[in-house]
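Below: the structure, in structure tokens.
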Amino acid sequence: MSSNALDFVVGDYVVYPKHGVGRVIELQSSEIAGMKLELYVLRFEKEKMTLRVPTNKAESVGMRKLSSDKQMNEALITLKGKPKVKRTMWSRRAQEYEAKINSGDLVSIAEVVRDLFRPEDAPEQSYSERQIFEGATSRLARELAAMEQTDEKAAAVKIIEILKKAAPQYQKVAAEA
């Protein structure tokens, strides 16, 4: 094994920035192009995907352990904040939202969820807005679920409840936007 700071063991939940929460299912040794490589084998159940990450590249690709309770609390507090409505073109905002989601940073993902949340009585979201919102919510919910040892659905309900409680105080602002 490499001697870097990121040492995961089989069974650990990890966050891979572009794919979200996965689980280390195996540590594998392979010889590729004459080089011996140690690999983390990650399983992402929701996507039904297996990913092999060289142990010496785990840190550089942004792979990390689940967030701390402090980081999760910060993300949940972010959900209660005032949504930031930008006046830029949707394509530019969509790129920014995707970059935040793929950063793997919990607070950035929470910002996307907060900014794209629409209460039931608010104007309908576009298809692409809804897709990004659902993707960000799912990413946040999977990490929350892994931390609280529950399922993604229960974690998503918790996130939506936080948003619904915070929304009324900002609805006037959203209606003007």
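Not measured: the values here are computed from a predicted model. Quick note: numbers below take in every heavy atom, side chains included, and nothing from hydrogens, waters or symmetry partners.
With respect to the salt-bridge test (charged N to carboxylate O, under 4.0 angstrom), the residues Arg64 and Glu59 do not qualify. Ion pairing between Glu47 and Arg139 fails under the 4.0 Å rule for side-chain N and carboxylate O. Between Glu111 and Lys100 there is a salt bridge, since at least one side-chain N of the basic residue sits less than 4.0 Å from a carboxylate O of the acidic one.
Asp69 CG to Gln71 CD: the interatomic distance, rounded to the nearest 0.5 Å, is 9.5 Å. For the atom pair CG (Leu27) and OG1 (Thr55), the distance works out to 8.5 Å, reported to the nearest 0.5 Å. To the nearest 0.5 angstrom, Arg52 atom CZ is 13.5 Å from Glu38 atom CD. From Ser30, atom OG reaches atom NZ of Lys36 across 8.0 Å, with rounding to the nearest 0.5 Å. Interatomic distance, CD1 of Ile159 versus CG of Leu76, reported as 7.0 Å (0.5 Å rounding).
One N or O on the side chain of Asp115 and one on the backbone of Lys84 form a donor-acceptor pair closer than 3.5 Å. Checked by atom type and distance alone, the side chain of Ser138 never pairs as donor or acceptor with a backbone atom of Glu134 at under 3.5 Å.
Evaluation of the side-chain contact (heavy atoms from CB on, under 4.5 Å) rule for Lys164 yields Phe117, Glu120, Ile160, Glu161 as partners, not counting sequence neighbours. With sequence neighbours excluded, the residues forming a side chain to side chain donor-acceptor pair (under 3.5 Å) with Arg43 are Glu45, Thr50, listed by chain and number. With sequence neighbours excluded, the residues satisfying side-chain contact (heavy atoms from CB on, under 4.5 Å) with Ala94 are Trp90, Ile132.
Cluster partners of Tyr127, using a side-chain heavy-atom cutoff of under 4.5 Å among ILVMFWY residues and allowing indirect links: none. Hydrophobic cluster of Ile25: the remaining members, joined at side-chain heavy-atom separations below 4.5 Å, are Val41, listed by chain and number.
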Please tabulate, for side-chain N and O atoms in residues 12-21, each donor-acceptor pair with protein atoms closer than 3.5 Å (sequence neighbours left out).
unit_1, atom_1, unit_2, atom_2, d
Asp12, OD2, Val9, N, 3.0
Tyr13, OH, Arg23, NH1, 3.0

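Among the candidates Thr78, Leu140, Leu144, the single residue satisfying the side-chain contact (heavy atoms from CB on, under 4.5 Å) test with Leu106 is Leu140.
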For a side-chain contact (heavy atoms from CB on, under 4.5 Å) check, start with the C-alpha distance between Tyr40 and Met63, then their side-chain angles and the critical distance, and finish with the verdict.
CA-CA 11 Å; Tyr40 292 117; Met63 200 167 108; 3.6 Å; yes
